[in-house]
Amino acid sequence: MALRKVKGNLERMFDKNLTDLVRGIRNNKETESKYISQCMEEIKTELRQDNLAVKANAVAKLTYLQMLGYDISWAGFNIIEVMSSPKFTYKRIGYLSASQCFHQDTEVLMLTTNMIRKDLNSHNMYDSGTALTGLACFISGDLARDLANDVMTLLTSTKPYLRKKAVLLLYKVFLKFPEALRPAFPRLKEKLEDPDPGVQSAAVNVICELARKNPKNYLSLAPVFFKLMTSSTNNWMLIKIIKLFGALTPLEPRLGKKLIEPLTNLIHSTSAMSLLYECINTVIAVLISISSGMPNHNASIQLCVQKLRILIEDSDQNLKYLGLLAMSKILKTHPKSVQAHKDLVLQCLDDKDESIRLRALDLLYGMVTKKTVMEIVRRLMTHMDRAEGTMYRDELLQKIILICSQNNFQYITNFEWYVSVLVELCRMEGTQHGGLIASQLMDVAIRVVAVREFTVGQMALLLDNAHVIVGPAAARSSIAEVLYAAAWICGEFSQLLANPKATLESMVRGKVVSLPGHIQAIYVHNMLKLYAHIIATAEEEDDSEMIEEVTNLLLERLPVFVSSGDLEVQERASCIVHIVTYVQKCHKHGDKVGADLALLMTGELNPVAPKAQKKVPLPDGLDLDAWINDPPSESEEEEDDALEKEIFVKADSSYKHRKEKYEPSEEELQKLRDARRAEQASNPYYVKSSALSSPRPNHNSIQVDEIPVTAIDLNVSLKIPGMTSLDKYQVVDGWQDGGKKRHKKQKKRSKRKGQVSSSSEEEINRMHVVNTDIGEMPEGAHLSDDYEIDDRPEDDPHRALDINLDEPLSPNEVLPTRTHYEAHAQRKIESNNEAKLIPSEIPLKMKTRNKKERKEKKEKTKKVKKEEKKVKKKPSRDANLILDLIDPLKETVISDKVPVAANHINGIADAKNKEKSKSKKTKTKKEKKAKKEKDRDKPEKKLKKNEKEIDTLSRNRDEYEETNGTVTQEVEEKLAVPEPQPYSRLLAEDSHIRIVYSTAAMDGVMSEILVCIKFISQSSKPISKLQLILPDSSALKMIRTPGKLVFETGYRLFPPKEMGMAVFQRKQRQPDPQSELVNLPWSLDPGESKETQLSFTAEDVTIPHKLRGSLSYIQDGSSSSSDISLRLEFPVTTFLSGKTASRATFTDLLSSGQLSARSSFTLPNCPWSFPEVLEELTLGGSLAVVECVDQTASLYGRSLHGHHVCLLVKYQASHHLTIDGKSTEGILLSNALDHLKTTLMQKQ
Amino acid sequence: MMQFMLLFSRQGKLRLQKWYEAHPDKVKKKITRELISTILARKPKMSSFLEWKDLKIVYKRYASLYFCCAIEQQDNELLTLEVIHRYVELLDKYFGSVCELDIIFNFEKAYFMLDELMVGGEVCETSKKNVLKAIAAQDLLQEEETPQGLFEDHGLG
């Protein structure tokens, strides 16, 4: 053994080390690959040795070779060996190598879990550090799950070096193992206040990354970040924070308002360009999100634009580039402020850097107005002449067209000019945008009737000069496409042609056959249109000579097309030949067929709406997925390529575009081929050709250069006589550089109108009208969009990270731990608890279900409750807290009726309250201060919960849905005169008493169902000793917390005349903790009604529940008690709550693909109107309307257990109601829809 | 988040690559090849930013070496330039006026340095002093191991 070792070491002396390898590679430049393969062999032998030093050396060399592009994945196991070395030197090499060549799918990774865990927990800080950085590169889902806990432990390490790295690694862990996010988040949040600035910055980085992808879950952190922003001087961190705010503001405009001031201060003060740039970006984001005007709104924009101008004017190309980039963001919302800097942007078009020019082009797109469009386009066209490189020129061309055509030609006043621009653009060599120009030409010709004649004239000229356009350079461009448009326009509007015969001649003449097939087909087809027109006119004028001439012309030229290689061309040509021959025959007999011929082409073209095709309703009984014929067998599809091409006829030319363009003949060809092959296969006499034996001539191989095309003498001017030139419009419209004429014109106009208004766009009259109808749609179809789609790709890991972090952690939400180490697991839990108990100013701590804690809180809140008389509306809690913390003195509003402590949670009340409170402000300042201190350690969530309970008592359910950030004005009135719950179901009734109940899901608080039971006396005598007996069912349990206080409000229903003022009562009830009995400690006077509330929890919220019970009471005067049996029904909609609905969540949900379950139903004759249906759904179903367009609405509800339910309600004019549902839980959805259906039916 | 960082020479030779997002080797090679040729084709007076697929490329040339980073759409280009600069400064401090050869022959050191500066595509330590301190401590650790390792290697330990 020892001998072997010594021998190994001796050999090792001659081994190459890394430096030798590098040197060797450099010395063997010519024979590098040979040298390396030799080295690889050496490395392989080295790896087989036992000596770890040798192995480490080999692995180091491999890492270097990997960088040079050699595959080293085969050495995965050896790399792990080196990683597991106890020596730091080798470990470091091993981890480096692993981080370079391992990735999440590397199989050997599953061997590493325990080794990495050991390294993470190593007493040597640098071992752990190495493991952390390595892990960040190759972490897989399994590793993330298994090691999450160890990484979490490192967060509490005493060494900032490790905390820092662990925090950053957490982000990767979340990406791979999203379940870790919720349990780990509280700890991560704490790191925002870590004493070490590096750790703090790392935590900011991670949260910033998380929040940028799913901003709404992180709104509650805004106050912490705001504090950090205003206190930190670390620019690296500031940039991240400001970026984070940029992501948050679109969701919370009020936050944006807070941000403007500190951000503008930073913009003024900072000298760091990166920070300045980030600030400007975020200010822009803020300004976009603030829809309503604010006082220094314009000032901020001006500041940004000014600063950006400085950036753009800077000699540093980087700043110039970024300045333009940011400018284009402002342009979207505040075009006016950017338009002032048009000079600067135009100047940038001349920049040496192409990327800067492209940015400037982007800007120009948005800066166009009716007045400037001509000038800008002219400038761009001169640029195009000068521009080198087709890429940039193409970009320019595309931009010109985009600028002109945007918004249905919004900025074009003179379409003759535009057509001329397009014609001019046709002359550009080597463009790839021929198709774009063609579609524009057709668009204008069809939609702008006024310039149709002009366009047709131009197109005729274009056809006449086709050889100029399809010059020698055309082979590499797509400019021939414009001929497609030209031919079509001339054919379709042939009645507008000045000289149809000449045009027909120019169409049949020349090198039409060298054009791509689809263009030839259009040529041929439009020849017929022209022919029909010519014949019709000639017959009218009895011009038989003309008829004969034209007929002969066609009969002479069409055979070329009949033998075309393109099936479409061939088919059309032979068809037309027959028509023409037939016409000829008729004419010989003296018959007139012109009118009949023209009939072939009649019919008006109407635009079709872009979505019309999609909206065509599916006819009954049509299954689009069913096979019409049995699918062809697989083997046939794998035929070799040689057979695929031109089996029919020999193509006479090959054209580059053939492959790119869609050819309708391809399918038919395929079908025919299939049929023939099948026939051949079954025919025993057919000699089957093998692919090898008879190589077919490949017609595609004819080179483009070989096509006989005469070169055009370029000395001859490309200007075509008669074709329009743009210069003329510049004169006509006064867009000359001097601008004198324009000035004059304006003066004239101003005289006429009596005032100068240079900015008014309306003054420029459109010369032509564009048909901008939406287009035709199938009957009954709406143009509205379907569900919006999240643009994130399906596999984006961030989709999985869209997790609500404000929800309390449930007991089963912990990081997976190794269970067999009992002691370790124990410690984990303890430390978790510690973390939670640390008091902090973070407003929304993860809620614990610790009973002890809860009790304490309750005692504190008791006082508050007693004081409370009325509760104001509560805005969304996140938003609330943000403002509270940022600026409590300004935003917290106190109303005289709201007790001091409650005020803190209530936050901003409605506008009315605000006014009222103004007067009180000064008075209450002191109180507030005291209150603030008191509140700091007060558990707020408990407060909130109680408040909510009270809320439900006194508030309509439909208001409930509005709590999401908005505030209702009428709250106070509604509270003062409480109405019975509009949606309450009858529970039981007898001659003495009537009991109704309503339910509400208390989502996000305790996940419980609140049942309000109202007792209405119908007896003439007082009723007392009411006793509810409600035994728990297996799935539904009443919550009987010992000592829990429940409030009751009682009020009289009768009008004041009889009973006096509405009475509010508040009493305490002590439910028996164990028994199923609920004693109601009050009695009902005649005509009085009182309410009680019970809370229930359900184990399974996907199925409807029922609860049977009874009520006993004693009517005054009678000795015996009466009993009524009760049946509480909990349809699944009870467990839904719509208050967390927002459009963003909704769209996220729909696009995330989580909603796997679908269900729907249709009510053909719904007697209820759309609003009634909606009301029914929102009240009965506890759903919230997310969006409502016309007769279509989308609704959202979330079950107590976090299932999502989304509904799309469509109501058609003929009382046809369709409800489509999607959900994460199939059973829940089908039960919910069943329930909704029955309730809607019952209403009938 | 930074997606990857590449170092390559004016001749288009890759000197260092660090991927913070996993890709198959084939894709990595393709990306590298494309980027190197695009960047080398750019003229010196051009801006340091490129839009490339859905990423933004930030690059900067130091002597004969190009430092090139790919970042996401929302990331700050100027900050990335700072990161590159910070890295160059660190290398410079560590090697003492760094040149391309230093990085070729001590490529692992260059990686270690980068790992101290960035973890998982995010800046980990912004203080140069701290990074150098950590690197020095780890180098010391290695040195302490070496003599002992030598004996062991020779079967004498």
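Residue numbers start from 1 in every chain, and the chains themselves are labelled A, B, ... in the order their sequence lines are given, proteins ahead of strands.
In this structure, the separation between CG on A/L18 and CZ on B/F105 is 9.0 Å, given to the nearest 0.5 Å. For the atom pair CG (B/L81) and OG (A/S274), the distance works out to 9.0 Å, reported to the nearest 0.5 Å. Rounding to the nearest 0.5 Å gives a distance of 5.5 Å between CG of B/L79 and CH2 of A/W236. In this structure, B/I104 CD1 and A/T19 OG1 are separated by 12.0 Å, a value rounded to the nearest 0.5 Å. Taking CG of A/L68 as the reference point, atom CD of B/Q17 lies at 9.0 Å (rounded to 0.5 Å). Rounding to the nearest 0.5 Å places OG of B/S47 at 10.0 Å from CG of A/L324.
Tested against A/D353, the residues B/K45, B/R42, B/K43 include a single salt bridge (charged side-chain N to carboxylate O under 4.0 Å, His left out) partner, B/R42. Screening A/L135, A/V167, A/N205, A/T133 for a side chain to side chain contact (heavy atoms under 4.5 Å, CB included) involving B/V119 leaves a single residue, A/T133.
Neither the backbone nor the side chain of B/L6 comes within less than 4.5 Å of any heavy atom in chain A. Within the 4.5 angstrom heavy-atom criterion, no atom of A/N281 approaches chain B. With a 4.5 Å cut-off on non-hydrogen atoms, A/F138 does not touch chain B at all. Using a 4.5 Å cut-off between heavy atoms, B/F107 contacts chain A through its side chain alone, with no backbone atom that close. Contacts of A/Y161 with chain B are made by side-chain atoms alone, with heavy-atom separations under 4.5 Å and no backbone atom involved. With a 4.5 Å cut-off on non-hydrogen atoms, B/V83 touches chain A through its backbone and its side chain both. Using a 4.5 Å cut-off between heavy atoms, B/R86 touches chain A through its side chain atoms alone. For A/A272, no part lies near chain B; criterion is any non-hydrogen pair under 4.5 Å. Using a 4.5 Å cut-off between heavy atoms, B/N76 contacts chain A through both its backbone and its side chain. Neither the backbone nor the side chain of A/S201 comes within less than 4.5 Å of any heavy atom in chain B. Both the backbone and the side chain of B/D75 come within contact range of chain A, judged by heavy atoms closer than 4.5 Å. Residue A/L21 does not touch chain B at all, counting heavy-atom pairs closer than 4.5 Å.
Counting heavy atoms from C-beta outward, A/T89 and B/L141 have side chains that stay 4.5 Å or more apart. Residues A/K165 and B/E116 meet the side-chain proximity criterion, which asks for heavy atoms closer than 4.5 Å. Between B/E72 and A/K213, the closest side-chain pair of non-hydrogen atoms falls below 4.5 Å.
Remark: B/E51 engages A/R359 in a salt bridge, criterion side-chain N to carboxylate O under 4.0 Å. Using a 4.0 Å cut-off between charged side-chain N and carboxylate O, B/E144 and A/K87 make no salt bridge.
Among A/G69, A/S99, A/C208, the residue with the largest count of heavy-atom pairs under 4.5 Å with chain B is A/G69. Of the residues considered (A/H103, A/E209, A/R23), A/E209 shows the highest number of contacts with chain B, using heavy-atom pairs under 4.5 Å. Most heavy-atom pairs under 4.5 Å with chain B, from the set A/L275, A/V199, A/L52, A/V22: that is A/V22. Top candidate by heavy-atom pairs under 4.5 Å with chain B, chosen from A/M273, A/K320, A/R26, is A/R26. Between chain A and the residues B/A22, B/A134, B/G121, B/S127, the largest count of heavy-atom pairs under 4.5 Å involves B/A134. Ranking B/T80, B/D25, B/V123 against chain A, the residue ahead of the rest is B/V123, based on heavy-atom pairs under 4.5 Å. Interface check for chain B: of the options A/Y277, A/Y95, A/Y64, the most heavy-atom pairs under 4.5 Å are formed by A/Y64. Each of A/K240, A/Q317, A/Q66, A/R92 has some count of heavy-atom pairs under 4.5 Å with chain B, and the biggest count is that of A/R92.
The heavy-atom pair separating A/Q100 from B/K28 by the smallest distance is O-NZ, 3.6 Å. Annotation for B/L14 and A/M67: closest pair CD2-O, 3.7 Å, computed over non-hydrogen atoms. Minimum interatomic distance between A/R212 and B/M1 (heavy atoms only, all atoms of both residues): NH2-N, 4.3 Å. Between A/C137 and B/K18, the closest heavy-atom pair is SG-CE, 3.7 Å.
Between the side chains of A/Y321 and B/E77, no donor N or O sits under 3.5 Å from an acceptor N or O.
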* **Steps toward side chain to side chain contact (heavy atoms under 4.5 Å, CB included) verdict (A/M125, B/Q138)** => CA-CA 10 Å; A/M125 163 169 102; B/Q138 291 174 67; over 6 Å; no
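Counting non-hydrogen atoms of neighbouring residues, nucleotides and ligands closer than 6.0 angstrom, the NZ atom of B/K93 reaches no more than 12 such neighbours.
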